[in-house]
Chemist: 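Dumping the structure here so I can ask a few things about it.
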Amino acid sequence: MFGAILWFAFPINKPGDTLLQNALFFVLGGVVVISALCVIYFRNPIYSALALVTALFAVAGLFIILEAYFVAAVQVIVYAGAIMVLFLFVIMLLNLGDEESLEDRLSWAKRVAVVIASLFFAEVFYITIKLVGSVNAPKVTSGQPVGDPKTIGELLFTKFLLPFEVASLILLAALIGVITLVHRRSDERSHTSSDT
Amino acid sequence: MTTEDMVKTSARSKTEDMLNEYIPILILTITAALFAAINLVLSHLLGPRKSSRSKLSVYESGMKPRGDARHRFSIKFYLIAMVFIIFDIEVVFLYPWALIFRQYVAAGPFILIEMLVFIGILVLGYIYVWKKGGLTWD
């Protein structure tokens, strides 16, 4: 519904797009916006996490409309799958409890968040204005869509080989980091050996 | 019609065909959402609600519930989730590699070495986790 309103308000039609593509863009965009708002406004962090899953799925749908099929699949597998599992575990680990006690603990974080959010908003606003002014969005010249897994593979293993190998180092760092975090805890526990 | 135009139209119809392949998924998604929503709304509207004290109490396998349901989880779950994510991302990188492997390996084994280096670094991490006892629960 929200998307439909947007669609009538701003009928942006790129030349090659089908009607279905445009309609779906605004429906999915509406789902993203509404579920993102739900993430913020739900009081229970678990509900927020579930709303975030919805948002991530809708973003995957947006990627499909953009013909970025591989990115869409990764969005579902990594973000809506793995990252969300991590989020849920962290929510349960922290055991946040009610929001009121959290609010006075995070009062300074709120102020920082306002500054960062307004900076981000200004940035997005600037880019949007700039792009709307010149409707020369980068065009895909070849027949192969950019988000095609084959195209990504070819670029990844030739032009972007070094970043790809560096990615494995980043993953390794994450692996060692988590062991360091978790292991110190279990060491402390074995020293005190009172609580389990 | 020039050849360039023909190439353009064929490219266009190719991407459209690929998009059309996703229409069943769209229909499935809508059907699943409607199925869930309609069932919830119907049971809310039609189901009789006679609540009693014992009906509203927390169900705990027939036992009397005690304490809060929100216990602090073990940090081990965080380790499991992180290890899962890291090897999940590794598998994601394997997929585009597998698609172009046959084409590139004809020119030489370089693409195989690239992936072996990538996996090798992660195997080092795996061995590290294993040696540190991250894979055992206690």
Side-chain angles (χ1 to χ4, degrees), chain A residues 16 18 20-21 24 57 61 64-65 67 69-70 72-74 77-78 81-83 85-97 140 142-145 148-158 161 164-165 167-169 171-183 185-186, chain B residues 7-8 10-12 14-16 18-23 25-26 29 68 70-93 95-101 103-104 110-111 114-115 117-122 124-126 128-129 132-134 138:
Chain A
T18 60
L20 182 66
Q21 243 168 308
L24 275 179
F57 262 104
I64 287 174
I65 295 172
E67 291 154 22
Y69 306 107
F70 182 67
V74 169
I77 294 167
V78 175
I83 302 268
V85 171
L86 184 74
F87 275 16
L88 283 173
F89 276 156
V90 168
I91 289 168
M92 290 174 183
L93 278 172
L94 295 177
N95 200 4
L96 292 171
V140 184
S142 67
Q144 198 87 319
D148 189 69
K150 232 174 182 170
T151 322
I152 287 179
E154 276 163 13
L155 284 174
L156 199 61
F157 294 100
T158 53
L161 180 61
F164 165 70
E165 299 292 358
S168 75
L169 284 176
L171 292 175
L172 180 70
L175 210 52
I176 292 171
V178 70
I179 280 291
T180 315
L181 276 173
V182 174
H183 211 70
R185 274 294 180 84
S186 54
Chain B
V7 168
K8 263 185 192 162
S10 76
R12 189 70 238 167
K14 193 190 162 198
T15 54
E16 259 172 29
M18 280 183 85
L19 270 178
N20 285 342
E21 280 174 13
Y22 281 85
I23 286 177
I25 294 179
L26 178 70
T29 314
D68 196 0
R70 291 185 186 171
H71 283 296
R72 221 173 172 173
F73 269 57
S74 169
I75 189 82
K76 298 266 182 191
F77 285 106
Y78 178 69
L79 176 70
I80 300 289
M82 278 300 285
V83 171
F84 169 55
I85 288 178
I86 285 158
F87 290 105
D88 198 37
I89 292 168
E90 184 189 344
V91 170
V92 162
F93 276 120
Y95 182 66
W97 176 76
L99 275 180
I100 62 161
F101 178 73
Q103 184 193 334
Y104 275 66
F110 189 56
I111 188 154
E114 284 171 14
M115 190 41 95
V117 169
F118 180 77
I119 293 176
I121 291 170
L122 282 168
L124 277 181
Y126 179 69
Y128 179 77
V129 174
K132 279 277 181 180
D138 270 312

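In what follows, chains are A, B, ... by sequence order, proteins preceding strands, each numbered from 1.
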Chemist: Which one wins on heavy-atom pair count under 4.5 Å against chain A: B:I85, B:I23, B:L99?
Modeler: B:I85
Chemist: For the atom pair CG (A:L175) and CG (B:L122), what is the distance rounded to the nearest 0.5 Å?
Modeler: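 So the gap between those two atoms works out to 7.5 Å.
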Chemist: Let me confirm one number: the CZ-OH distance from A:F70 to B:Y95, rounded to the nearest 0.5 Å.
Modeler: 8.0 Å
Chemist: How many angstroms lie between atom CG of A:L155 and atom CD1 of B:I100, to the nearest 0.5 angstrom?
Modeler: 9.0 Å
Chemist: What part of A:V74 gets closer than 4.5 Å to chain B, counting heavy atoms only: side chain, backbone, both or neither?
Modeler: side chain
Chemist: Who among A:G153, A:S168, A:G177 has the most heavy-atom pairs with chain B under 4.5 Å?
Modeler: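 With the most close heavy-atom pairs to chain B, the winner is A:S168.
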Chemist: Atom OH of residue position B:Y104 - does it have more than 12 heavy atoms of other residues, nucleotides or ligands inside 6.0 Å?
Modeler: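 It does: B:Y104 OH has more than 12 such atoms within range.
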Chemist: Does the plane of the ring in B:F93 sit parallel, tilted or perpendicular to the ring in A:F164? Use 30° and 60° as the thresholds.
Modeler: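 If you compare the ring of B:F93 with that of A:F164, the planes turn out perpendicular.
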Chemist: If you compare all heavy atoms of B:P96 against all heavy atoms of A:P149, which two are closest, and at what distance to 0.1 Å?
Modeler: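 Here B:P96 and A:P149 meet closest at CB-O, 3.6 Å.
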Chemist: In terms of heavy-atom pairs under 4.5 Å with chain A, which of B:M82, B:E114, B:K132 leads?
Modeler: B:E114
Chemist: Please state whether the side chain, the backbone, both or neither of A:I65 comes within less than 4.5 Å of a heavy atom of chain B.
Modeler: backbone
Chemist: So which heavy atom on A:L171 is nearest to which on B:I86, and how close?
Modeler: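 Taking A:L171 first and B:I86 second, the nearest heavy atoms are O-CD1, 3.8 Å.
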Chemist: Could you grab the distance from atom CD1 of A:I64 to atom CD1 of B:I25, nearest 0.5 Å is fine?
Modeler: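 Between A:I64 CD1 and B:I25 CD1, I get 6.0 Å after rounding to 0.5 Å.
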Chemist: Could you have a look at A:L161, A:V85, A:L156, A:V90 and say which one has the most heavy-atom pairs with chain B under 4.5 angstrom?
Modeler: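 Option with the top pair count is A:L161.
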Chemist: Of the non-hydrogen atoms in A:L86 and B:A81, which two are nearest, and what is the gap between them?
Modeler: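 Looking at all heavy atoms of both residues, the closest pair is CD1-CB, 3.6 Å.
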Chemist: Which value, rounded to the nearest 0.5 Å, describes the distance between A:F157 atom CZ and B:F101 atom CZ?
Modeler: 11.0 Å
Chemist: Any side-chain heavy atom of B:Y128 sitting closer than 4.5 Å to one from A:L172?
Modeler: no
Chemist: Given that the side chain runs from C-beta out, which part of B:L26 has a heavy atom under 4.5 Å from chain A: side chain, backbone, both or neither?
Modeler: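 Side chain of B:L26 only, per the 4.5 Å heavy-atom cut-off to chain A.
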Chemist: Kindly determine whether A:F89 and B:L79 satisfy side-chain contact (heavy atoms from CB on, under 4.5 Å), including the steps that lead there.
Modeler: CA-CA 10 Å; A:F89 276 156; B:L79 176 70; over 6 Å; no
Chemist: Could you tell me which portion of B:F84 (side chain, backbone, both or neither) has an atom closer than 4.5 angstrom to a non-hydrogen atom of chain A?
Modeler: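 Just its side chain gets close to chain A.
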